[in-house]
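Have a look at the structure below, then the notes.
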Amino acid sequence: QIHQEKKEYDKALELYEESLCAGKAALGENHSEIAMLYNRIGNFYFERERLGDAMKCYKRGLRIEKRVLPSDHPNIVVTLSNLGEIHRQRNE
C-alpha cells in the first residue's frame, strides 16, 4: 500500500501479485488471507477505475470466502459491498 500512496502503481501491483503467489504457495488457494489479497488487488483496480479487473478479483475473493468463512462473516459483507459498488457505478 505504500507504493500506491506514492503513486508507484506498477510496483504496487507487482508486489500484490508477488504476495498472492507466495501466499498461495504457503497457505493454499482456499485460505482467508488469499481472499483478502484478492480484495486488496480488487481495491487497487477499483481505485484506477479498472472495474472489470476489480470485479474479477472481488469475485475470486468471494468464492474463497464462501468456502472458508461463516456465511455471516464481515469479510463476505465487505466483498459483496465492493461488488455492489461496481454494479452501481456501471448503472447495472
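Counting only heavy atoms from C-beta outward, the side chains of D53 and F46 never approach each other to under 4.5 Å. You'll find the side chain of E49 stays beyond 4.5 Å of the side chain of Q89, heavy atoms only. Using a 4.5 Å cut-off on side-chain heavy atoms (C-beta onward), E85 and R90 make no contact.
Atoms SG and OH, on C57 and Y16 in that order, are 11.0 Å from each other to the nearest 0.5 Å. Taken from CG in L27 to CG in L37, the straight-line distance is 9.0 Å, to the nearest 0.5 Å. Distance NZ/K56 to NZ/K59: 10.0 Å, rounded to 0.5 Å. Between the CG atom of L62 and the CG atom of L69 there is a distance of 10.0 Å, given to the nearest 0.5 Å. The line from NE2 of H73 to CD1 of I76 is 7.5 Å long, rounded to the nearest 0.5 Å. Taken from CZ in R63 to CG in N30, the straight-line distance is 10.5 Å, to the nearest 0.5 Å.
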Derivation and outcome, side chain to side chain contact (heavy atoms under 4.5 Å, CB included), residues Y58 and N43 | CA-CA 8 Å; Y58 292 146; N43 291 340; 2.6 Å; yes
Worked verdict on E65 versus N39 for side chain to side chain contact (heavy atoms under 4.5 Å, CB included) | CA-CA 10 Å; E65 289 170 343; N39 282 310; 3.1 Å; yes
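Under the 4.5 Å side-chain heavy-atom criterion for ILVMFWY residues, no single connected hydrophobic cluster contains both V68 and V78. If you chain together hydrophobic residues whose side chains sit under 4.5 Å apart, L20 and M36 never meet in one group. By the criterion of side-chain heavy atoms lying less than 4.5 angstrom apart, applied directly or through intervening Ile, Leu, Val, Met, Phe, Trp or Tyr residues, L80 is grouped together with I41 in one hydrophobic cluster.
Qualifying side chain to side chain donor-acceptor pair (under 3.5 Å) partners for E29, counting only residues two or more places apart in sequence or in other chains: K24.
Proximity of a side-chain donor or acceptor of S19 to a complementary backbone N or O of L15 within less than 3.5 Å is detected.
Y9 and F44 have perpendicular rings, their planes meeting at more than 60° on a 0 to 90° scale where under 30° would count as parallel.
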